[in-house]
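Data block below; observations after.
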Amino acid sequence: MFGRADERHYRLDGVNIRHLDDRALSRIRNRKIGFVFQGFNLIPRMPAIQNVELPMAYAGIKPADRRQRAVTALGMVGLADRLHHFSNELSVVNNSG
């Protein structure tokens, strides 16, 4: 749950979110705030790229656009070479040094 402001005003992109309902807050989380989860919050039967694309599909982003955004996002967190790996294959322990 997106926390409720308890004092004064809380604005996000100029919108006071203090009195928004759960649906509006969910829309803000989907379109304005991103989350990166590992393991237990990823869908285990989907590779990383599809897990990253999924919220964008719900947001109505076209398939080609969300694919490119997902590739870029995974690259930014050092997972460009693991796009098609599943959640249990994403964490790698480096024992070389």
Side-chain angles (χ1 to χ4, degrees):
M1 169 86 186
F2 193 50
R4 297 265 182 203
D6 57 4
E7 292 182 21
R8 310 206 12 111
H9 297 282
Y10 181 83
R11 294 187 177 278
L12 180 64
D13 284 347
V15 176
N16 184 346
I17 67 164
R18 182 174 183 176
H19 300 292
L20 295 180
D21 62 21
D22 287 339
R23 177 176 247 174
L25 290 171
S26 291
R27 203 172 312 119
I28 286 174
R29 282 192 300 274
N30 180 267
R31 297 194 176 137
K32 303 275 184 187
I33 301 170
F35 297 93
V36 177
F37 296 110
Q38 182 177 345
F40 66 91
N41 287 315
L42 297 175
I43 299 171
R45 65 184 179 279
M46 291 172 54
I49 189 138
Q50 290 178 351
N51 269 287
V52 173
E53 287 179 308
L54 188 59
M56 292 185 271
Y58 291 131
I61 296 171
K62 293 179 183 178
D65 291 338
R66 64 180 183 246
R67 177 58 51 122
Q68 183 56 49
R69 290 181 187 189
V71 168
T72 299
L74 287 165
M76 292 173 70
V77 296
L79 294 173
D81 62 336
R82 304 183 78 72
L83 302 178
H84 303 287
H85 287 74
F86 294 89
S87 59
N88 65 335
E89 303 170 322
L90 294 179
S91 291
V92 177
V93 177
N94 184 352
N95 291 323
S96 63

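Residues passing the side-chain contact (heavy atoms from CB on, under 4.5 Å) test with Arg45, sequence neighbours excluded: Ile43. Applying the salt bridge (charged side-chain N to carboxylate O under 4.0 Å, His left out) criterion to Asp13, with sequence neighbours excluded, gives Lys32. Judged as a side-chain contact (heavy atoms from CB on, under 4.5 Å), and not counting sequence neighbours, the contacts of Thr72 are Gln68, Met76.
Applying the side chain to side chain donor-acceptor pair (under 3.5 Å) rule to pairs touching residues 52-67 yields Glu53-Arg67, sequence neighbours excluded.
Within 6.0 Å of atom CZ in Arg23, 12 or fewer heavy atoms from other residues, nucleotides or ligands are found, so the atom counts as exposed in its surroundings.
A donor-acceptor contact shorter than 3.5 Å links the side chain of Asn51 to the backbone of Met46.
When all heavy atoms are compared, the tightest approach of Ala80 to Gly75 is CB-CA, 3.8 Å. Residues Ser87 and Pro44 share a closest heavy-atom pair of OG-CA, 3.9 Å.
To the nearest 0.5 Å, atoms CD1 (Ile49) and CG (Leu54) are separated by 12.5 Å. The CG atom of Leu25 sits 6.0 Å away from atom CD1 of Ile17, with the distance rounded to the nearest 0.5 Å.
With hydrophobic clusters built from ILVMFWY side chains whose heavy atoms lie under 4.5 angstrom apart, Met56 shares a cluster with Val77.
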What verdict does the side chain to side chain contact (heavy atoms under 4.5 Å, CB included) test give for Val52 and Leu83, after you've listed the backbone C-alpha separation in whole Å, the side-chain angles of each residue and the deciding distance to 0.1 Å?
CA-CA 10 Å; Val52 173; Leu83 302 178; over 6 Å; no
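Arg82 is not listed as a side-chain neighbour of Leu74, based on a closest heavy-atom distance of 4.5 Å or more.
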